[in-house]
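Here the structure comes first, spelled out in structure tokens, and everything after it is commentary.
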Amino acid sequence: MNILKKSAYAGTLESSDAYIHVSPIQENEIKLILESSVEEIYGEAIEELVVQTLKEMKINNILVKVQDKGALDFVIKARLQAAILRACESNEPVWEELS
Amino acid sequence: MNSSISFSQFDNTSKIRVKKVEAFLNSVELELSPDIEVFVSAKEKSKMIACGGLSGNVLKCIAVSPEKRGEGFVLSVMTELLNAANDRGRKELFIYSTPKNIAFFEECGFQLIEECDSKIILMENSKNLKKYKNNLSRLKKDGNVIGSIVMNANPFTLGHRYLVEEAAKKSDHLHIFVVREDASDFSFKDRINLIQKGLADIENITIHEGSDYIISKATFPTYFIKDKCSINELHAKLDLSIFRNQIAPSLNITHRFVGTEPYCTVTNNYNQNMKKVLGESNPKSNNIEVIEIERKEYKDKAISASSVRALLKDKKYDELSNIVPPTTFDFLVKRI
């Protein structure tokens, strides 16, 4: 299991990107706050993507805030991974977890 | 398109750069807020085209030059500002702005808390207000007269005690909110502790910890500027509107009690504004009756926390016991 040591963020608020902020929480759960300009159509898909990515990275206690501006899947995933790696202060990412 | 634009971040010690920000803000008819610690600015060909500021956990003075508007550039400015705040561990943020920008800041993840006089708005990105209101409503008490007092009590005096006694007599239940901001001589922990001890014998009261929504640096920045007589009227109204429309309904508050202000005309104006903002009927929420209670005096002089601080400063400790309750006196003596 990977442990977040601090809060971190990645991304921008610009169109076709997402601003993602992650922070560690006490409870053993995944809390997701999602706001998206395409929430009605892709809200659930983004949620699934976030949960899947967290599973791959073995993260169990985290608050994720996603401010999505219509980013494509791989953009959201990359932003989330970047934010988590920063929060874990991991200099040696486990590349297998970042498929 | 944005390739020639450069962002920079600096703090309020860079006087020359702050002056440039001020000139830029003035050019778009905004004023520089004196409490900003961190600035973000954007330049294109050495000309400033946008700026923003961070004061505590409040974003303010966000501006983009007119020729750069309408192409989403302000999103870059907001990104930089959020980064500046996040880098300092400030996650739960507020924004001060004007009503025409509500929709834009909503796109950046902020929700409106209150709009005041069609001139200023306060927004937050944490959704904490809802949680706070829910927590408050669990402490709701029944009754016809539900009173409220907001106090800083820096520190708790016999004047505060008198105000609470009188208000509690007139109320079925009395909610007391203690300003939480640690911007006073005495820490929040000490202040609330002295209030609890000094009021332990009064039954029909609840003492609440304040919050970001009651006289805080977010709702009422000018309250904490040392010279109280620089209170900004719009800030005062914003704070009072939040109290009326957001906080009071959670507890069914019907009355607010306040001590008369014999010395400072600006604080006195604040009391008058209170009557206006809380007392006048409007469709948004029930009005709250404001009752001014004559300040308790000692030797023909109204008791105030500032006179306690003055006596402490002049080391006139023996005079203190006349204007503070024994609980506060013991605390002050131990502290010397």
Side-chain angles (χ1 to χ4, degrees), chain A residues 3-27 29-43 46-47 50 59 61-72 75-76 78-89, chain B residues 1-3 5-7 9 38 40 42 49-52 54 57 59 62 64 68-95 97 101-113 123-131:
Chain A
I3 307 284
L4 273 68
K5 295 187 177 130
K6 58 171 192 181
S7 301
Y9 59 88
T12 76
L13 289 167
E14 282 164 66
S15 189
S16 305
D17 199 349
Y19 192 92
I20 296 188
H21 188 278
V22 298
S23 41
I25 53 173
Q26 297 295 325
E27 308 85 11
E29 62 177 323
I30 291 169
K31 276 191 197 164
L32 171 62
I33 300 175
L34 169 67
E35 277 178 44
S36 171
S37 51
V38 291
E39 197 161 339
E40 266 175 52
I41 312 168
Y42 295 111
I46 297 171
E47 270 183 52
V50 169
I59 303 285
N61 38 355
I62 188 172
L63 168 66
V64 183
K65 277 178 80 175
V66 179
Q67 196 67 39
D68 169 55
K69 294 304 185 78
L72 294 169
V75 174
I76 297 176
R79 294 303 194 196
L80 180 57
Q81 289 172 336
I84 289 173
L85 290 176
R86 286 170 186 166
C88 294
E89 295 179 331
Chain B
M1 182 184 66
N2 286 353
S3 57
I5 294 174
S6 67
F7 280 94
Q9 228 186 75
V38 183
V40 162
I49 51 169
C51 71
L54 175 66
N57 51 356
L59 311 179
I62 302 164
V64 174
K68 279 280 159 193
R69 289 175 197 168
E71 48 187 82
F73 174 60
V74 65
L75 291 168
S76 315
V77 180
M78 277 303 289
T79 303
E80 292 291 325
L81 259 181
L82 287 181
N83 291 351
N86 287 328
D87 284 340
R88 287 164 180 79
R90 297 172 197 171
K91 293 180 281 186
E92 295 171 348
L93 300 170
F94 294 89
I95 286 187
S97 187
N101 298 322
I102 293 175
F104 165 70
F105 288 125
E106 276 173 352
E107 277 182 43
C108 298
F110 285 79
Q111 306 91 39
L112 183 66
I113 294 175
M123 299 178 84
E124 67 172 355
N125 74 343
S126 61
K127 300 195 171 142
N128 282 347
L129 176 61
K130 210 176 150 201
K131 262 185 261 168

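To find a chain, count down the sequence lines: A is the first, B the second, and so on, and within it residues start at 1.
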Can you check whether Asn125(B)'s main-chain N or O pairs, donor with acceptor, with Lys65(A)'s side chain at less than 3.5 Å?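 Indeed, once roles are kept as given, a pair shorter than 3.5 Å links the two residues.
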
Who passes side chain to side chain contact (heavy atoms under 4.5 Å, CB included) against Ala87(A), sequence neighbours left out? Leu4(A), Ala8(A), Val22(A)

With chain A as the partner chain, list the residues of residues 104-111 of chain B whose heavy atoms fall under 4.5 Å from it, by residue number, and write 'none' if nothing qualifies. Glu106(B), Glu107(B), Cys108(B), Gly109(B), Gln111(B)

Heavy-atom proximity to chain B below 4.5 Å, by part of Ser37(A):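 Interface part for Ser37(A): neither.
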
Please look at Ser23(A) and chain B and tell me whether the side chain, the backbone, both or neither of the residue comes under 4.5 angstrom of a heavy atom of that chain.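 Side chain only.
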
Looking only at heavy atoms, what is the nearest atom pair of Thr79(B) and Leu13(A), with distance? OG1-N, 3.0 Å

With rounding to the nearest 0.5 Å, note down the distance linking CG in Leu82(B) to OH in Tyr9(A).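 Answer for the CG-OH pair, Leu82(B) versus Tyr9(A), is 9.0 Å.
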
Counting only heavy atoms not in Glu40(A), do more than 12 sit closer than 6.0 Å to its CD atom?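 No, the 6.0 Å shell around CD holds no more than 12 heavy atoms from other groups.
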
